Protein chains: 2
Amino acid sequence: MDLGSVVGRMRGRGYKATPQRVAVLEALGADQHQSMEELRGRCPEVGLVTIYRTLDLLGRLGLVRRLDLGDGPRYELAESHHHHLICESCGDISEFEECPLDVERLPLQNSGFEASSHSLEVYGRCAVCQ
Amino acid sequence: MDLGSVVGRMRGRGYKATPQRVAVLEALGADQHQSMEELRGRCPEVGLVTIYRTLDLLGRLGLVRRLDLGDGPRYELAESHHHHLICESCGDISEFEECPLDVERLPLQNSGFEASSHSLEVYGRCAVCQ
DNA sequence: TCGCTAACTGAAACTCTTTTTCGTTTATGA
DNA sequence: TCATAAACGAAAAAGAGTTTCAGTTAGCGA
Ligand SMILES: [Mn+2]
Ligand SMILES: [Mn+2]
Ligand SMILES: [Zn+2]
Ligand SMILES: [Zn+2]
């Protein structure tokens, strides 16, 4: 999803496409899974409060996902369904799209639970840290 | 794992089995996935700082797991490997032990990543909330 | 059983993150 | 260009968790 269509979508819903919001979007595009500190470093001209408010807005628009992986929130553009490999040694986070969930084995038949989404994180050691 | 063996394990490692720690353990035993607020309510005679310190200690001993499911940390006794069904309507959290992960489909062969654990949460609507 | 002491507790102070407030500024449509 | 609802950001407030430190105690050894 390119920046132009995001701007269009915002205006369509009555939100303004301000320079600050565009700056936050560009910061988000620079890398996945960034902490607030990293995002701030990528758009230092934007006030902290505005970054929080923009992340909240983009979250409500379904464009940004907030991750709670254990040491503080991280944010990523919600492009496509994927999961994470997290290195417990260096903290590196990588992604994979192939979903290893065996839906047959989800215990939903009898429970009456209707699943709509899921999150999966695999922890271990990355190639570098072996 | 019963309370007596936990006390024994603590003493074996040089930790004291204080009334406060026992109270926190009993609070944890009353229900899974409790918030700090719920835990406090279950052992109001224990100071807040001591609850935090006890949860930290039990975590290091591998007896307690901290969950980050989206609205504040929750704590549970780490009895056995299991996953969670989370109702996005009423917030109810239920557990299942049957692991629906198809290990064959984990993209680890070529990546050099060595997996040691994983967490999986399924979101949706529980039977009551349909 | 008693006394010693390292371990522990908890009130208060502190730190860090996030939210709220509110006066000023601005993007956008008419 | 103008009006105005939307947005910005500095400052203050709120909230969650941590550190400090003086007093207390569990548990071991005599
Ligand atoms: Mn990701
Ligand atoms: Mn659980
Ligand atoms: Zn690594
Ligand atoms: Zn429900």
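Quantities reported herein were computed from a predicted structural model and do not represent experimental measurements.
Sequence order on DNA chain D of the closest nucleotides to B:Tyr15 and B:Arg66 puts B:Arg66 first from the 5' end. Ranked by how close their nearest DNA chain D nucleotide is to the 5' end, B:Pro19 and A:Gly14 are led by A:Gly14.
The shortest side-chain heavy-atom distance between B:Arg21 and B:Met10 falls under the 4.5 Å cut-off.
Rounded to whole angstrom, the span from the CE atom of A:Met10 across to the P atom of D:dA5 amounts to 20 Å.
Cluster annotation: A:Leu61 and A:Ile51 are assigned to the same hydrophobic cluster (Ile/Leu/Val/Met/Phe/Trp/Tyr, side-chain heavy-atom contacts under 4.5 Å, transitive). The same ILVMFWY cluster, assembled from side-chain heavy atoms under 4.5 Å apart, contains both A:Leu28 and A:Leu57. Clustering ILVMFWY residues whenever any of their side-chain heavy atoms sit less than 4.5 angstrom apart, transitively, puts A:Tyr123 in a cluster other than the one holding A:Leu120. Neither B:Met36 nor B:Leu67 shares a network with the other; the hydrophobic side chains, linked directly or stepwise wherever heavy atoms of I, L, V, M, F, W or Y lie under 4.5 Å apart, form separate groups for each. The same ILVMFWY cluster, assembled from side-chain heavy atoms under 4.5 Å apart, contains both B:Leu63 and B:Val46.
Within a heavy-atom distance below 4.0 Å of DNA chain C, the residues of residues 48-57 of chain A found are A:Leu48, A:Val49, A:Tyr52, A:Arg53. Using a 4.0 Å cut-off on heavy atoms, none of the residues of residues 31-46 of chain B approach DNA chain D.
B:Thr50 and B:Gln20 form no side-chain donor-acceptor contact under 3.5 Å, judged by distance and modelled atom types alone. A side-chain donor-acceptor contact under 3.5 Å links A:Glu95 and A:His33.
On the nucleic acid side, DNA chain C contacts chain B at distances under 4.0 Å to non-hydrogen atoms, with the end points of that region at C:dA6 to C:dA12.
Ring planes of B:His118 and B:His81: perpendicular class, angle over 60° (limits at 30 and 60°).
In this structure, B:Arg66 does not pair ionically with B:Glu76, as no charged nitrogen and carboxylate oxygen lie closer than 4.0 Å.
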